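First the structure, in the form of structure tokens, and then the observations on it.
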2 protein chains.
Amino acid sequence: MVRGRRDAAPVLWHRKHDHRRCFEDALARAVSLCRRCGARLTAIRRRVLEVVWQGHRPLGAYEILETLRAERAGVAPPTVYRALDFLLGHGLVHRIESLNAFVGCSDPGSSHGGQFLICRTCGTAAELNDRRIALAIEGCSSESGFHVHHATIEVSGLCPNCQQSDAKVANA
Amino acid sequence: MVRGRRDAAPVLWHRKHDHRRCFEDALARAVSLCRRCGARLTAIRRRVLEVVWQGHRPLGAYEILETLRAERAGVAPPTVYRALDFLLGHGLVHRIESLNAFVGCSDPGSSHGGQFLICRTCGTAAELNDRRIALAIEGCSSESGFHVHHATIEVSGLCPNCQQSDAKVANA
DNA sequence: CACGAATTGATATGTTATAACATTGCTCAT
DNA sequence: ATGAGCAATGTTATAACATATCAATTCGTG
Ligand SMILES: [Zn+2]
Ligand SMILES: [Zn+2]
Ligand SMILES: [Zn+2]
Ligand SMILES: [Zn+2]
């Protein structure tokens, strides 16, 4: 197993987050990764990736579609889904099954389970990739004689910010 | 936390499985559970539960609908979805997010995360409810200051039976 | 029986995703 | 240059999943 650099859980909500930088880094990583493996990050694919990375809230395919349509006429669902398939295939975005939505991958090129903490108030999704969770799942599965291919882990709850907001409302 | 009786992972695929018994037990548990809490397990709701429990393969709402229509004319999607909402609300079935499908709960009335091993060849879904996985997730989440509400855990892979089949094909 | 509440029927529509085939634009051997 | 071959995109239609709305019926209770 690859040594994970992210086990310390650098979670999005803790520090003041420079999303401008976050966004540009993600795009740069994508460009570099595609160049290395000879994949063609075309204009449409790149634009879909940018839209997905506008924030850390998973976006539905039709939300992405609306954004593209505002910029350019005649964009249809297959255009968006094809771009998303490409990005999924190269590990640049993840699909959030419980929301039928898509979010940028915060660490493309690495191991890649895809474990998410999703705030049910503000909608923000933070990617974990914690070894302990992966090991627990691998352990239980192999005890059952099951061979793991992919694990979907999507935790719904309240992020630190929204817990504070809730407390304020309760005290009012 | 409630003391789990199922941590020993009594997984479906290991033993010869008497599904007739499995099915009847599940229905009996549902009837008893509904009686205790005053919920009305009506004919439609009961029938949907039976259909879902025909096997351990998650069924889509429209698959269930087809079965009902074969027995009785004029059944429409809302009928099925309403029954499923009732069953979900009382913990008698689970929704599998990654398949947009529904499967009977193997241990209604207990703690209830809902952790599934889903074979991508035969489609069978086995429910785990393992404390170690729940603890790993709770641990990582709280380290990030995240308050867990619900965890979706759906592991895709190969069940013991289908691993054997694969091996046979490979050797042929 | 009459009442209100819960359930179901019926119709329409919203949302998410893919099938199928035409067109464009680039690469490369001739 | 040229046109066959291929990947990407455009275009239209439809499949698959889910909900809104309101009318009709059923059920338990007084
Ligand atoms: Zn960011
Ligand atoms: Zn939040
Ligand atoms: Zn069974
Ligand atoms: Zn299998």
Side-chain angles (χ1 to χ4, degrees), chain A residues 30-31 34-35 37-52 57-90 92-103 123 152 154, chain B residues 30-31 34-52 57-90 92-103 118 123 152 154:
Chain A
V31 168
C34 285
R35 179 148 27 221
C37 73
R40 295 172 51 188
L41 187 61
T42 62
I44 291 177
R45 290 166 176 174
R46 185 192 163 105
R47 185 68 191 119
V48 168
L49 184 59
E50 288 172 358
V51 172
V52 161
R57 184 177 68 85
L59 293 184
Y62 281 70
E63 283 184 276
I64 298 167
L65 180 60
E66 276 181 48
T67 302
L68 296 199
R69 277 217 240 251
E71 302 165 354
R72 191 151 151 288
V75 184
T79 303
V80 173
Y81 281 102
R82 285 192 283 233
L84 286 169
D85 282 346
F86 172 89
L87 297 169
L88 286 166
H90 290 81
L92 296 169
V93 303
H94 291 285
R95 179 181 161 82
I96 306 297
E97 301 290 351
S98 55
L99 299 173
N100 295 327
F102 303 85
V103 71
T152 297
E154 296 171 8
Chain B
V31 168
C34 286
R35 179 151 24 227
R36 268 203 301 282
C37 71
R40 294 171 53 187
L41 189 61
T42 62
I44 291 177
R45 290 166 176 174
R46 185 192 164 105
R47 186 64 192 123
V48 168
L49 184 59
E50 287 171 0
V51 171
V52 161
R57 184 177 68 85
L59 294 184
Y62 281 69
E63 283 183 276
I64 297 167
L65 181 60
E66 276 180 48
T67 302
L68 297 199
R69 278 216 240 252
E71 301 166 353
R72 192 152 150 289
V75 184
T79 302
V80 175
Y81 281 103
R82 285 192 283 232
L84 286 170
D85 282 345
F86 172 89
L87 297 169
L88 285 167
H90 290 81
L92 296 168
V93 304
H94 290 285
R95 179 182 161 82
I96 305 296
E97 300 291 350
S98 56
L99 298 173
N100 294 328
F102 302 85
V103 71
I118 306 165
T152 298
E154 296 171 9

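The sequence lines fix the lettering, A, B, ..., with proteins before strands; numbering per chain opens at 1. Worth knowing before you read on, the calculation uses all heavy atoms, side chains too, and leaves out hydrogens, waters and symmetry mates. Here the structure is a predicted model, which means the values were calculated and not measured.
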Practice task
Starting from the 5' end of DNA chain D, give me the residue, R45(A) or A61(B), whose nearest nucleotide shows up first.
Solution key: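 Closer to the 5' end of DNA chain D: R45(A).
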Problem - D85(B) or A43(A), whichever maps to the more 5' nucleotide of DNA chain D - result: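 Here A43(A) is the residue nearer the 5' end.
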Problem - Side-chain N or O of T79(A) closer than 4.0 Å to phosphate OP1/OP2 of dG10(D) - result: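 The answer is yes; a side-chain N or O of T79(A) sits under 4.0 Å from OP1 or OP2.
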Practice task
For dT16(C), take OP1 and OP2 only and decide whether either is under 4.0 Å from a side-chain N or O of R95(A).
Solution key: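 Answer no for this pair, as no side-chain N or O of R95(A) is under 4.0 Å from OP1 or OP2.
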Nearest-Å distance for atom pair [atom1]/[atom2], residues [X] and [N]:
X	N	atom1	atom2	answer
F86(B)	dT8(C)	CZ	P	9 Å
R72(B)	dA10(C)	CZ	P	9 Å
R40(B)	dC27(D)	CZ	P	7 Å
E63(A)	dT16(C)	CD	P	8 Å
R35(B)	dG28(D)	CZ	C1'	17 Å
L99(A)	dA17(C)	CG	C1'	16 Å
I96(A)	dT16(C)	CD1	C1'	16 Å
I64(A)	dT16(C)	CD1	P	11 Å

Practice task
Check whether the side chain of Y62(B) and the base of dA15(D) form a donor-acceptor pair under 3.5 Å.
Solution key: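 Counting by modelled atom types and ignoring angles, no donor-acceptor contact under 3.5 Å is found here.
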Handout entry: Base dG9(C) paired with R82(B) side chain (donor-acceptor, <3.5 Å)
Key =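 Looking at the base of dG9(C), it does pair with a donor or acceptor on the side chain of R82(B) (distance under 3.5 Å).
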Practice task
Assign each of P77(B) and N100(B) to its nearest nucleotide of DNA chain C by heavy atoms, then name whichever residue's nucleotide is nearer the 5' end.
Solution key: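 Nearest nucleotide further toward 5': that of P77(B).
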Practice task
For A76(B) and for I44(B), find the nucleotide of DNA chain C with the closest heavy atom, then tell me which residue's nucleotide is more 5'.
Solution key: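 Its nearest nucleotide being more 5', the pick is I44(B).
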Handout entry: Candidate nucleotides dA17(C), dA20(D), dT8(C), ranked by approach to the side chain of T42(B) - the nearest
Key =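 The closest nucleotide is dT8(C).
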Exercise for the section: Consider the side chain of Y81(B), meaning its heavy atoms from C-beta on, and name the nucleotide among dA17(C), dA18(D), dT7(C) that approaches it most closely. Expected result: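 Within the option list, the nearest is dA18(D).
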Practice task
Could you walk me through whether R46(B) and V31(B) pass the side chain to side chain contact (heavy atoms under 4.5 Å, CB included) test, one step at a time?
Solution key: CA-CA 9 Å; R46(B) 185 192 164 105; V31(B) 168; 3.5 Å; yes
Practice task
Would you indicate whether the side-chain heavy atoms of V93(A) and V48(A) approach each other to under 4.5 Å?
Solution key: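 V48(A) does not reach V93(A) side chain to side chain.
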Practice task
Please examine the side chains of R72(A) and R47(A), heavy atoms only from C-beta on, and report whether any two atoms are closer than 4.5 Å.
Solution key: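 No. Closest side-chain heavy atoms not under 4.5 Å.
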Exercise for the section: For R45(A) and R40(A), indicate whether the former's side chain and the latter's backbone hold a donor-acceptor pair under 3.5 Å. Expected result: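 Yes: the side chain of R45(A) pairs with the backbone of R40(A).
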Practice task
Please check if any side-chain donor atom of T152(A) sits under 3.5 Å from a side-chain acceptor atom of E97(A), or the reverse.
Solution key: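 Absent: no donor and acceptor within the cut-off.
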